[in-house]
2 protein chains.
Amino acid sequence: MRRQESPGTLSEMNTRVARTHAAVMDAAIELLLEGGPDALTVDGVVARSGVAKSTVYRHWATRDDLVADVFEHLAPQLDPPDPSLDFDESLRTLVQRLADILADDHWRRVLPALMMLKMHHGDVAQIEERISSEQIDVCGDVLRRGMAEGRIAADADVQTLLALLTGPLLMAGLTSVVPIDKVFVDRVVDHFLAGARPRTTD
Amino acid sequence: MRRQESPGTLSEMNTRVARTHAAVMDAAIELLLEGGPDALTVDGVVARSGVAKSTVYRHWATRDDLVADVFEHLAPQLDPPDPSLDFDESLRTLVQRLADILADDHWRRVLPALMMLKMHHGDVAQIEERISSEQIDVCGDVLRRGMAEGRIAADADVQTLLALLTGPLLMAGLTSVVPIDKVFVDRVVDHFLAGARPRTTD
DNA sequence: CACGAACAGTACGATACCGTCTCGTACCAA
DNA sequence: TTGGTACGAGACGGTATCGTACTGTTCGTG
């Protein structure tokens with residue numbers, strides 16, 4: 001049991017294993033985006049990637065594991081804004097990054113599938129839980145800062161504020177009736193700040 | 001080609017045809033809600049409804065037609081508010097009715113499947129298009145009235161306003177992190193009106 | 001009652017998919 | 001060079017599903 005160089009993340013190496021792994025992953029992602037989760041079949045991946053089925057099952061124990069790994073691989077990451085920014089700029093960059101995620105074609109096609117599968121597929125539910133909780137944490141930090149600085153009503157529920165802030169973005173991303181551009185992002189932020197600020201008269 | 005009494009909607013009669021039709025429909029809806037679109041299979045419907053497969057195929061030419069019919073049958077209808085109400089009350093009842101739809105367990109479980117299937121399934125896409133356009137019309141009428149009465153900035157885009165108004169509801173319905181109750185509805189309306197009203201200083 | 005339409009039941013062929021297995025080959029480091 | 005590992009190719013069994021075909025039965029209406 002020799003350790004050669006402690007591989008760390010598999011995908012960062014360029015071994016034969018990493019190459020086939022990546023080939024399978026790419027094909028699986030393509031199939032998922034083209035035809036939804038039902039189109040992501042083992043045989044389909046084998047046909048498109050050129051990787052043998054026996055090799056696929058050497059990397060993933062079952063099809064569900066592959067599906068889960070694909071979602072994991074596609075999940076976006078919401079970086080918190082630079083702490084040196086003031087609250088307004090923090091909120092704007094945060095919303096802009098959320099908008100970038102929802103404007104991405106890949107994620108926009110995968111999101112409905114994720115929402116649907118999380119109700120009937122335990123592993124997917126776990127992945128969705130992790131993704132959303134991470135994003136909620138990042139957004140919650142910014143909102144709480146706004147409350148501390150008196151820009152947002154301190155008696156408001158953070159979860160409710162989160163729905164009010166990010167709901168319009170989700171709506172725009174899912175329905176595609178409104179383009180997610182900088183104009184829309186600014187509108188969302190302005191709208192949110194106008195509706196969430198503390199009451200001057202009480 | 002005799003017309004007996006112009007049956008109108010099939011499901012409103014109580015013939016044998018209507019009974020089996022309804023039995024299949026009920027079973028199909030149950031299966032869809034329990035296990036998603038993949039669980040809505042012809043054999044499953046046959047097993048649960050007690051209707052023979054040959055009978056199912058007498059009513060629906062193919063499985064996809066049955067699936068589409070189920071979504072059609074489950075689609076909620078958004079009634080426009082009473083015109084005698086003033087703008088504020090109209091908006092509140094409208095949002096309340098939207099909230100009722102999104103709080104309904106049936107529709108909440110079906111909505112993600114609808115969003116997903118509309119990308120890869122032509123018939124479902126058509127149904128989704130019809131549903132959303134109807135709802136957009138109803139909401140748009142109310143918003144335009146608010147603009148005419150000077151309660152909403154007249155230079156705003158209706159689609160954008162729609163995203164700002166209904167987005168939080170959609171967010172709450174899909175993620176279930178915020179309960180969709182009267183408190184939330186009032187919060188959404190107040191928030192929207194605060195952010196969308198015309199600027200007093202210009 | 002008589003008769004046709006609708007129904008139940010079921011066997012069947014055709015695919016599609018999953019996961020296992022075997023056999024021979026190509027890579028890569030010691 | 002050599003040995004182990006990963007890989008390619010594909011057959012295979014088992015299962016699930018769709019859609020059709022066929023036979024006999026039940027319903028409801030004239």
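Order of the sequence lines fixes the chain letters, A, B, ..., with proteins taken first and strands second; residue numbering starts at 1 for each chain.
For residues 50-70 of chain B, the salt bridge (Lys or Arg N to Asp or Glu O under 4.0 Å) pairs, not counting sequence neighbours, are B:Asp43-B:Lys53. For residues 27-37 of chain A, the salt bridge (Lys or Arg N to Asp or Glu O under 4.0 Å) pairs, not counting sequence neighbours, are A:Glu30-A:Arg48, A:Glu34-A:Arg48.
By the side-chain contact (heavy atoms from CB on, under 4.5 Å) test, A:Asp104 is found to be paired with A:His106, A:Trp107, residues two or more places apart in sequence or in another chain being considered. The side-chain hydrogen bond (donor to acceptor under 3.5 Å, both in side chains) search around A:Arg16 returns none, not counting sequence neighbours.
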Give every pair of a protein N or O atom and an N or O atom of nucleotides 25-28 of chain C that lie under 3.5 Å apart, one pair per line with the distance.
unit_1	atom_1	unit_2	atom_2	d
C:dC28	OP1	A:Arg19	NH2	3.3

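In this structure, NE2 of B:His21 is placed 21 Å from P of C:dA5, rounded to the nearest angstrom. Summarising the geometry, the separation between CZ on A:Arg58 and C1' on D:dG8 is reported as 10 Å, rounded to the nearest angstrom.
Salt-bridge check for B:Glu129 with B:Lys118: failed, with every basic side-chain N at 4.0 Å or more from each acidic carboxylate O. Between A:Arg187 and A:Asp190 no salt bridge is recorded (no basic side-chain N to carboxylate O distance below 4.0 Å). Ion pairing between a basic and an acidic side chain is recognised when a charged N comes within 4.0 Å of a carboxylate O; A:Arg144 and A:Asp141 show such pairing.
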Q: Give the B/S/- string for nucleotides 9-20 of chain C, one per nucleotide from 5' to 3', where a protein heavy atom under 4.0 Å of the base yields B, of only the sugar-phosphate yields S, and otherwise -.
A: B-------BBBB

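In this structure, B:Thr55 does not reach the C:dA6 phosphate: none of its side-chain N or O atoms is under 4.0 Å from OP1 or OP2. OP1 and OP2 of C:dA6 both lie 4.0 Å or more from every side-chain N or O belonging to B:His59.
Heavy-atom minimum distance, B:Thr62 versus B:Tyr57: CA-CE2, 4.3 Å.
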